[in-house]
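No hydrogens, no waters, no symmetry mates; every other heavy atom, side chains included, goes into these values. This chain uses plain numbering: 1 for the first residue, then up along the sequence. Atoms within each ligand, like the ligands themselves, are counted from 1 in listed order.
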Amino acid sequence: MLLIAVPAAGMETAHAQASSGCPWVGSSAPIEQRVDDVLSRMTQDEKLAMLQGTADPAKLQFTSAVYSGIVAAIPRLCIPQLNLVDGPAGTGSSLTGVTQLPDPTALAASWDPRLANSYGQVIGAEDRAKGANVALGPSMDVVRDPRAGRAFEELGEDPYLTSQLAAPEIQGVQSQGVIAQAKHLGVYNQETFRSTRLDNAIVDERTMQEIYLPAFEAAVTKGDVGSIMCSYNYINDVQACDNTYLLTQVLKGQFGFPGFVTADWYAMDASVAAANAGLDMQMPDSCFFGPRLKQAVSAGSVSTARLDDMVRRILRAEFRFGLLDRPATGSPAAVVTTPQHAALARTVAENGTVLLKNTRNLLPLAAATTHSIAVIGAAAGAGVVGSGGGSAHVIAPSIVTPYEGIAARAGNGVHVGFDDGRDRGRAASLAARSDVAIVFVAVHEKESQDLANISLAESDNNLIEQVAAANPNTVVVLNTGSAVTMPWLHAVQGVFAAWYPGQQYGDAIAALLFGDTNPSGKLPVTFPTSLEQVPAHTAQQFPGQWGKAEYSEGLNVGYRWYDAKNLTPLFPFGYGLSYTSFSLHNLVIHPASSPDGDVFVDVDVTNTGSRSGTDVAQLYLSHPAKDGEPPRSLQGFQKVRLDPGQTTAVRFVLAPRAFSHWDTAQHQWLASAGDYTISVGDSSRDLPLSGSVLRSATTATSSSTPPPPANAPTGGDNLVDSALNVLTCPLDVVLPGPVNGVLFGVIGIPEGAQAQQPPSSPPSGLG
Ligand code: BGC
């Protein structure tokens, strides 16, 4: 994240200077007409100025009042300055006075599209009140491997779950008059070799279409997203930001995206090729566009029609979100967090924390038997981790630590002791003197660095073992961005996966431990038994070797892999316990009346326990064998809250697209004729109900998107343009990747083997 000083003029708005010279301001004419009007009066230099950030690449500006990127205003035309702010977990860019929300993985674990919408609204409202008009999020990259440094920023390992949450989140952000910029398109799954040619996903068309692209389709077709960010990595040897297939054929063609594409910070490696491939805006500087693009337009290597299209896409979004019509308000210095936003942070933390183990119903803590609690671990006190690191980091005004939250909830009659766990003997002795021991441990994930493995620190594993040996009532709370192994699992009674839970962490975990809130989170990622079990377990796959990361697992990402290989993970996708119990019954499948119709699936869910609680009914579909699909894929879920004894009916609607696979011969979605199995339950490995439905005919469920013709330019500039790039973009070329990378992202080395790097934002946990 490059921090850019806000120029004094930046807070002025073009609107303030609006005059009768800008008839499109406040006009009720259709947007396309207003865009035409502006375009017809623009000089070529004004057009070019809209396509680039204002940072000077020769000066890495680390200053105070900041956004992550700025596009200059054009006051003559009443076009306002664009202020782009991070990120997916709340208002970032090192701004303060904001709400530190739980990370997006926690949101994903809530399996709650309505909550995703509220989460987006908070982000949009705070961004806007900070004077920003583009929100750099959500992150929607499918978590291919739990070592991915940015896994915490994403919405889990399943394209359907990600899509169902990202679309309402985008709507929430955009409801506040802020343009969401969904990211990172595409197949962006690792930090190692970041932004170099070594970061090159070798992936087949079908896997891209079925696993890595659907969330972007949902962002466009369901979320109506205004903007998309293309990613650092290469895909099949072509950089994502000059990838014609990705940007023009799929995003703008197949998905019908009318908005603009921005390059991730310093991601570009080409000028002419990027413009022609469909990139619309460079960030945070202008060395690949600017004069280079001007020259290319004069030389005819980029057409004036394409130049106008780039500008049109940006203007279209600006008009749609009213940026030309309203005076810009908000300022980076404003305090924008509110009690309502803090309450939402708590709700997400409560809904997104997953109860993984609860032996002998130790939890919820019973008042009658809990007179003393040992709270152990730095992560429960001063080392609390509310937010992941890098551009998604959000600075909390303050964090309620687990110790504070538990002590406040426990009240006077219960003794709550704290030990930071550095002296394990001392911590074990506190545990031995207490009725219950709760150990908090964390793994710090951050952008620009993958994890070397999925183990907790050895000292944390040892701490848990020693505490568990001292107290049979030990509960572990994990703060991790993704899956970790648990060698001590057999020895403890309770485990919560709490992710990075934001500023209200302590209150949320206390409510769950004491049963004020009944846990309802469900895993959005599979927890393997060991690193050897993960789908991309070879070095050729992750992080890749010799300039190729082979996506040889293909469609078998996440739970699909474990199902296909008959592997039993530690905890499966979709899994999560409650303090009550549920039963699912009465599966009824209503076949469609024609191959183009919807299939309806009804089930009843009953709360069979003695507490109110919430379950997530999940529907998985199995294709006829000839389709060559993984054994099961999620195609529906419904979250239901039930009182004890209560039953409710839930209905899933399966459109023909749900039955489809990407046909690589015809380059389109096809729903085959044949028998499909429908399984319903409340985890990917607990599916008590199943039935089948027959599709009588094979039908196409999309138009065709052929790959680029064999002789088409494959991305990257030609030799002359490449030479010019080196002359005009030396810094970008020499230092690909953003300045918050490893000097600065040339080669991201997995954690552990890594030299000290400059901090991009305050370290996680400092609030
Ligand atoms: C990240 C983006 C982020 C941008 C601006 C890059 O490092 O990959 O996700 O929005 O910086 O801070």
Pair Tyr212 + Tyr188: ring centers closer than 6.0 Å: no
Region of Met229 engaging ligand 1 - heavy atom pairs below 4.0 Å: side chain
Taking only residues two or more places apart in sequence, or in another chain, which ones meet Asp141 in a salt bridge (Lys or Arg N to Asp or Glu O under 4.0 Å)? none
Any chance the side chains of Gln209 and Gln254 put a donor and an acceptor closer than 3.5 Å? yes
N or O contact, Trp265 vs ligand 1, cut-off under 3.5 Å: no
Any N or O of Asp86 that comes nearer than 3.5 Å to an N or O of ligand 1? yes
With Arg316 as the cation and Phe260 as the aromatic partner, state whether NZ or CZ is under 6.0 Å from the six-membered ring centre and within 45° of the axis. no
Going by the order shown, which atoms of ligand 1 are within less than 4.0 Å of some heavy atom of Lys183? 2 (C), 3 (C), 9 (O), 10 (O)
Under 4.0 Å to a heavy atom of His184 - the qualifying atoms of ligand 1, by number: 2 (C), 8 (O), 9 (O)
Counting only heavy atoms closer than 4.0 Å, does ligand 1 sit against the backbone of Glu153, its side chain, both, or neither? neither
Answer yes if the side chains of Asp264 and Ser231 hold a donor-acceptor pair under 3.5 Å, and no otherwise. no
Scan side-chain atoms only and decide if Glu154 and Thr162 contain a donor-acceptor pair under the 3.5 Å cut-off. no
Measuring from the heavy atoms of Arg194, does anything fall under 4.0 Å of ligand 1? yes
Using a 4.0 Å cutoff against the non-hydrogen atoms of Ser391, which atoms of ligand 1 qualify? 1 (C), 2 (C), 3 (C), 9 (O), 12 (O)
Between Gln181 and ligand 1, find which residue part has any heavy-atom pair under 4.0 Å and reply side chain, backbone, both or neither. neither
Got a sec, which residues hit salt bridge (Lys or Arg N to Asp or Glu O under 4.0 Å) with Glu210, two or more places apart in sequence or on another chain? Arg206
By number and element, which atoms of ligand 1 are closer than 4.0 Å to a non-hydrogen atom of Leu136? 10 (O)
I'd like to know whether ligand 1 has Met283 as a neighbour, heavy-atom separation below 4.0 Å. no
Reported CD-to-CD distance for the pair Gln176 and Glu126, which is rounded to 0.5 angstrom: 10.0 Å
